[in-house]
Amino acid sequence: MVESQEAEEARARQQAAIESEAAAFGEDAPCFVAFATAFLTTATGRPLQTHGAKGLAAIARDAFDTAARRGPEEQIVSIGMPPELPGRSVIKVLQQDRPFLVDTLRLFLRRHGLQEQMILHPVMAVTRDADGVLLSVGDDGAVRESFVYVEFYPRVDEERARELESELAQVMGWVANITGDHRRMIRRVREIGASLEFASSHIEGGEDRVGKIGRFLDWLIEDHFVFMGTRVYDVRSDDGELEIVMRDGSGLGMWRDQTESRFATPQRGESIPIGLRHSLEDPRIVQIVKGWTESQIHRSGRIDRILVKELDEQGELTGFHIVAGLFTFSALRTPSSDVPLLAERLEQILESEGTPPGTHRHKALVTAFDSAPMEFLFGAEVADNAALIREIVDGEGAEEPGVVLRTDSGGRAFYAAVLLPRERYSEELRSDFRAFLREKPTIGYIDDRVSFLEEGTALLHFFCTLRKHGGAPLAEELEAEVRRLATRWEDHLADALIAEFGAAEGGGLAARYAEAFSEAMRAGMHPAEAVRDVDALESLHDTGEPQITLGVDRRDPSGRTTILRLYLRDEMLLSELLPMIDHFGIQVIDARQAPVVSQDREGAYIHA
């Protein structure tokens, strides 16, 4: 009830501030009040706290001036540095409402290292006259316009602002083209399927093969792909030499501008990229790969490119379509055995393996296939898929961590499958390994997930795109890092004890002290340092006499801090211990004590 009253009072203060600003607009005051009220509908919480009612009303007044006139298809994009907002810059984007606006703008900010401080995104029903002049706000059936207002750090200079403004205007233009052409791109994909059906009698595999392709194209349309652009290219052979040219008017979405394509003019022979020549020679009708281009729309990630060949009624290659975009999160989380085209690949793999349904290996192969990244499976041959899945399944149940690494044929991406015993898996390990990959300068986008196999094996999947001219890391390097992250503290202690005392004695000490040290002690102590503690604790047990050790604090990079450790049978109050240490002229910076409980030994205390 109190919160409701506070919210009502805040709305009243906001409305009063709007009415105060409206006085300056004369006969346009009612329009301003309606606009400002709609504009600030979501400006509650932090925006109200940081700007106050008067500050938000002033922002609404500036936005009203921006929205005063807009043509039917016009986009207004501006970046400014208002003097009343020191240290900050402001983005204003006004256009017809459409999908992807806010997430694309936020992606733009992240790409340029700009920090969002406040964002307002009202969608308003506005009425304008024939010249685009704003007449009213809130009328039924009026055009819905989106106004995105963003404050960001740092404050940029005028030159940088104009550069960002130009780029953002281009990106928002792509958003308009992509959303405006969405239905046309859907129709294009359906026409691709119909064209293949027409030529099915002359295609190897006939209606069955074409039917599978058709089901895949339908699956894309069913909210599994964000269509960003399509183009059609004609393929001709002149005196045995290949020639490719973009079909006039075929560009849709972000590819509307035909002049941006290298194939706007015919390309022949060596001027055709070798990768494209290989794709056209490939017997597959549909080929899916990660492109080199990073998405600037909707979300980050390398753009997916789907090439579909165009065949005439004799089954001869006459052209090809390129469909560009991003698989949706729904698609990426779909088991690969449920994805058209991939499901048929799995059938081929299972048939070649000869494993009867219901057997453990049959189920393991399906699980491994389902958990592998869809984008990587699409980009590889069936034989490569089979080898990958077989290697994953063969690694199931191993006691030591292992890595299965594959790089796609174009060098655009790689897939690393990390297998390790389930008891060694943790979200922290997954996060640390992701951070390890992110530090690699050749790696761009990273998508990761985890699944669990029946034999108590955790299977981590890392699908990574590569930057141009950058290679994938070596499997040995990845495996070494995984083993380091997956090795428990007590395992490191055992290794250190065996290295110090030999296999027989060290192994016995490791078994005795494996669980002796508390989590707090492990967090602040390297396992190699614990070897000193074990040695002292054994001496304490053998002699019954207190033990003392001195060692350099590894946490101090200067090496000037020493750790004094006392090993006692009984607990001793720090108020009793510290004066004795001070008597020897030792300055104590920090002090703590911890009990140590080991197998077949009396309890002891470490004072450090």
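All residue numbers refer to positions in the sequence shown, counting from 1.
Between Arg434 and Glu427, no side-chain nitrogen of the basic residue sits less than 4.0 Å from a carboxylate oxygen of the acidic one, so the salt-bridge criterion is not met. Note on Arg128 versus Glu145: salt bridge recorded, some NZ/NE/NH1/NH2 to OD/OE distance being below 4.0 Å. Glu243 and Arg236 are joined by a salt bridge, as a carboxylate oxygen and a charged side-chain nitrogen come within less than 4.0 angstrom of each other. Ionic pairing of Arg183 and Asp181 is not present here: no N-O contact between side-chain nitrogen and carboxylate oxygen is shorter than 4.0 angstrom. For Asp448 and Arg430, the salt-bridge test passes: some basic side-chain N is under 4.0 Å from an acidic carboxylate O.
A donor-acceptor contact closer than 3.5 angstrom links the side chains of His121 and Ser146. Asp370 and Thr367 form no side-chain donor-acceptor contact under 3.5 Å, judged by distance and modelled atom types alone. In the model, His51 has a side-chain atom that pairs as donor or acceptor with a side-chain atom of Glu151 under 3.5 Å. Donor-acceptor pairing under 3.5 Å is recorded for the side chains of Thr230 and Arg188.
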*asked:* For a salt bridge (charged side-chain N to carboxylate O under 4.0 Å, His left out) check, start with the C-alpha distance between Arg111 and Glu294, then their side-chain angles and the critical distance, and finish with the verdict.
replied: CA-CA 10 Å; Arg111 281 181 31 246; Glu294 291 286 343; over 6 Å; no
*Could you walk me through whether Lys440 and Glu477 pass the salt bridge (charged side-chain N to carboxylate O under 4.0 Å, His left out) test, one step at a time?*
CA-CA 12 Å; Lys440 300 293 181 183; Glu477 178 188 7; 2.2 Å; yes
*So Glu310 and Leu317, side chain to side chain contact (heavy atoms under 4.5 Å, CB included) or not? Walk me through it.*
CA-CA 6 Å; Glu310 187 175 80; Leu317 178 69; 5.8 Å; no
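Here the shortest heavy-atom pairing between Val235 and Phe320 reads CG2-CD2, 3.6 Å. For the residue pair Ser195 and Leu311, the shortest heavy atom distance occurs at OG-O, 4.3 Å.
Because its NZ or CZ atom is both nearer than 6.0 Å to the ring centre of Phe329 and within 45° of the ring axis, Arg299 counts as a cation-pi partner of that residue.
For the atom pair OG (Ser271) and CZ (Phe263), the distance works out to 7.0 Å, reported to the nearest 0.5 Å. For the atom pair NZ of Lys290 and CD of Glu375, the computed distance is 4.5 Å after rounding to the nearest 0.5 Å.
Considering Phe433, Phe436, Tyr415 in turn, Phe433 is the only one that fulfils the ring pair (Phe, Tyr, Trp, His ring centres under 6.0 Å) rule with Phe462. Checked options Leu220, Leu252, Leu326; the residue passing with Phe227 is Leu220 (criterion: side-chain contact (heavy atoms from CB on, under 4.5 Å)).
Atom CZ of Arg187 is surrounded by 12 or fewer heavy atoms from other residues, nucleotides or ligands within 6.0 Å. Other residues, nucleotides and ligands contribute over 12 non-hydrogen atoms within 6.0 Å of the CZ atom of Arg345.
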